[in-house]
Amino acid sequence: MSENILVCVAWPYANGPIHHGQLGGAYLPADIFARYHRIRGNRVAMVSGSDTHGTPITVRADEEGRAPEDVVAEFHQSILDTWQGMGITFDTFTTTMTDNHRDVTHDLFTRLLQNDHLYKATQDLFYDAEARRFLPDRYIEGTCPHCDDPGARGDQCDACGRQLDAVDLVNPRSRATGATPELRSSEHYFLSLTDFEQPLTDWLAEDKEHWRAHVLNFTRGMLREGLQDRAITRDISWGVPVPLEGWDDKRIYVWFEAVIGYLSATVEWAQTRGEPGAWRDFWQSPDARIYNFIGKDNVPFHTIIWPAILLGAGGYNLPFDVPANQYITMSGSKASTSKRWAVWVNDYLTRYDPDPLRYALAAQMPETSDSDFSWGEFLRRNNDELVATWGNLVNRVLSLVNRHFDARVPEPGPLDRDATRLLDQAQSTLEQVGASIEAVHLRQGLRQAFALAQETNRYVDQTAPWQAVKEDREAAARSLYTALNVIAALRTALAPYLPFSCAALHTMLGGSGGLESLGWQMHALRPGAQLEKPTPLFRKLDPSIVEEEEARLGT
């Protein structure tokens, strides 16, 4: 029976290109997961969009002397190019600038207000007298009061992951002018998070064994410490307007409206399909499952704030899972857009194919702890694993079939114990990989698939069909038939991870239509079926690329 699976992915700021840390942290895992469920036959909507109202956009616009709209237009297109080039299969990738997003945000704001979960209060905020304006939280930097990191922002400390109020920063300074800001009073609407301490505690007490330990422990720790009400409006001119008279000079705070994008993007998805009510199948059906793929720095917004908004508005499903990843560093240091310390994905694609990067990131996906990307490790994984293990298996088996059996699946005759054992292992591996992806243990699923590829290489080495074909043609046929069918199973198991090369392999195996049509199951290749002439799935890279690529870092 088909399930409704909603894959919600973190909204990237439209202030710069996508780098490897973002790709491997949220977007690649979401795509692997969504691709698996589509092959499984489930109804999937994978949604996100460019966050156009975050202060990183206005910060960049101010620094470059141009309008925020221009920054958004440039980098939204850059992000779309990345998704296309890397095969990230969003069903809807929109922006927070649409009328639809504004309307959905206004609806939730109004419902929270009607349900007495919003209230007005005066707040002391930092004001830059030199710039003559109130400062959004990201325009304020200082020392974190919890961990003493000197680079904390007014909304959050990336070093310790805590949410902050700008007034708590030690030695605050304005990013706009460098001046020490002063406090001035301003009236705003607040979300009464304290209303939801017990409902959220009860929700987290339910079955959450499938949640990652660091996500669950961090969230429960926040609830034990007690929640604080947070302002959801700000003295800025860039963002979603407040849907009330007399509030024209303020906007809805981005942290509040950005998470609403998951709902508004699903509404847009349904409208685009000509089924305007289809969003309810994900957000209001009791048997739907919602997954939020994010980085660890966004955990509080997705396990506390967004669920609180949904509870306060009433009538919506809460996330089933929030599989937040840790960080992917770059050669030992944290990836940084401002310092240009990262692999820029669109730049990567000018020199290399997408699947090797997908593989390298998936193989070291930071599901439980930070992982490090280096060009040396990328080279090793490409040459020793993709080329020498998986690509070599495919190429030599299909080449032998092409040469000795007229490019047709051999008639195997009776299968011996070794062949039967390997085919049974292929069946069980397909099931294991599916279970791993289902549980969002993506790195484990990839290891399971490659373990089968290694075992199949050993089987081919032991049966040596290139020699057997000279003396015992039936033995060679049995060996190649068995290996071909394992390769066909791995075509499915690896398709979520390596979609480009698996699509090419699908064609070589005589497949027609998309891989999704096969379903998540083994399909025995029919003896006598015509195969296509094999071509290498991957290309071996020269070791010189390591030095060349490292020289590009920071430039």
Side-chain angles (χ1 to χ4, degrees), residues 10-16 22 51-63 68 96 105 121 123-128 131 133-176 180-181 183-184 186 188-193 218-219 221-222 225-240 250-261 294-306 308-309 324 327 334 336-338:
W11 289 57
Y13 291 125
N15 73 320
Q22 296 167 303
D51 184 343
T52 63
H53 295 141
T55 47
I57 287 98
T58 57
V59 167
R60 181 159 192 153
D62 289 347
E63 291 173 348
T96 53
T105 301
Q123 183 180 26
D124 287 337
L125 298 172
F126 279 124
Y127 184 87
D128 187 329
R133 62 172 174 171
F134 282 98
L135 296 173
D137 287 346
R138 287 215 174 203
Y139 276 74
I140 308 159
E141 294 179 340
T143 300
C144 175
H146 301 286
C147 71
D148 297 326
D149 185 85
R153 302 189 307 269
D155 60 345
Q156 183 171 305
C157 175
D158 286 341
C160 67
R162 289 177 180 264
Q163 292 177 272
L164 300 175
D165 285 321
V167 294
D168 296 330
L169 289 174
V170 179
N171 299 321
R173 59 189 178 276
S174 167
R175 285 194 60 166
T180 300
L183 289 173
R184 293 192 183 183
S186 182
H188 287 283
Y189 271 94
F190 283 71
L191 173 62
S192 184
L193 282 173
F218 184 88
T219 305
M222 285 188 65
E225 291 179 7
L227 302 181
Q228 294 182 347
D229 298 348
R230 288 180 63 107
I232 66 167
T233 56
R234 267 296 182 260
D235 298 280
I236 52 177
S237 58
W238 178 249
V240 174
K250 301 179 192 290
R251 295 292 182 270
I252 294 178
Y253 206 172
V254 66
W255 66 259
F256 178 83
E257 56 103 350
V259 290
I260 293 173
I294 59 170
K296 67 178 178 181
D297 53 335
N298 278 324
V299 167
F301 297 99
H302 294 79
T303 62
I304 297 289
I305 290 173
W306 180 223
I309 293 171
Y327 292 137
K334 184 178 177 182
S336 171
T337 298
S338 60

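We number each residue from 1, following the sequence as shown.
Within the 4.5 Å cutoff, the side chain of V254 has heavy atoms near those of the D51 side chain. Looking only at side-chain heavy atoms (C-beta outward), Q123 and V167 stay at 4.5 Å or farther from each other. With a 4.5 Å cut-off on side-chain heavy atoms, S186 and H188 count as touching. Side-chain contact between R162 and C144 is absent, with no heavy atoms from C-beta onward closer than 4.5 Å.
No side-chain donor-acceptor contact under 3.5 Å links T143 to the backbone of N171.
Remark: T52 pairs with T96 by the side chain to side chain donor-acceptor pair (under 3.5 Å) rule, at least two apart or across chains. Listed by chain and residue number, nothing satisfies the ring-ring contact (aromatic ring centres under 6.0 Å, His included) test with F301 (two or more places apart in sequence, or in another chain). Residues satisfying the side-chain contact (heavy atoms from CB on, under 4.5 Å) criterion with A324, sequence neighbours excluded, are H214, V215, I294, V299. For F218, there are no ring-ring contact (aromatic ring centres under 6.0 Å, His included) partners, not counting sequence neighbours. For the ring-ring contact (aromatic ring centres under 6.0 Å, His included) test, no residue two or more places apart in sequence or in another chain qualifies with Y13.
Rounded to the nearest 0.5 angstrom, T58 OG1 and E63 CD are separated by 9.5 Å. Here the straight-line distance linking atom NE2 of H146 with atom CG of D168 works out to 6.5 Å at 0.5 Å rounding. Residue T233 holds its OG1 atom at 11.5 Å from CG of L191, rounded to the nearest 0.5 Å. With values rounded to the nearest 0.5 angstrom, M222 atom CE is found 7.0 Å from T303 atom OG1. Rounding to the nearest 0.5 Å places CH2 of W255 at 11.0 Å from CG of D155. Separating the CD1 atom in I236 from the OH atom in Y253 is a distance of 8.0 Å, to the nearest 0.5 Å.
A donor atom on one side chain and an acceptor atom on the other are not found under 3.5 Å apart for Y139 and D128.
Listed here is the closest heavy atom pair of G16 and R60: CA-NH1, 3.9 Å. L193 approaches L227 most closely through the heavy-atom pair O-CD1, 3.6 Å. Taking every heavy atom of both residues into account, F126 and A166 meet most closely at CE1-O, 3.2 Å. Taking each heavy atom of G142 and R173 in turn, the nearest pair found is CA-NH1, 3.6 Å. For the residue pair A14 and I57, the shortest heavy atom distance occurs at O-CG1, 3.6 Å. Minimum heavy-atom separation, R175 to I140: CG-N, 4.4 Å.
Within the structure, every pair that satisfies the salt bridge (Lys or Arg N to Asp or Glu O under 4.0 Å) test and touches residues 250-260, not counting sequence neighbours, is listed here: D235-K250.
Look at D297 and R153 and you find no salt bridge, because none of the NZ, NE, NH1 or NH2 atoms lies under 4.0 Å from a carboxylate O.
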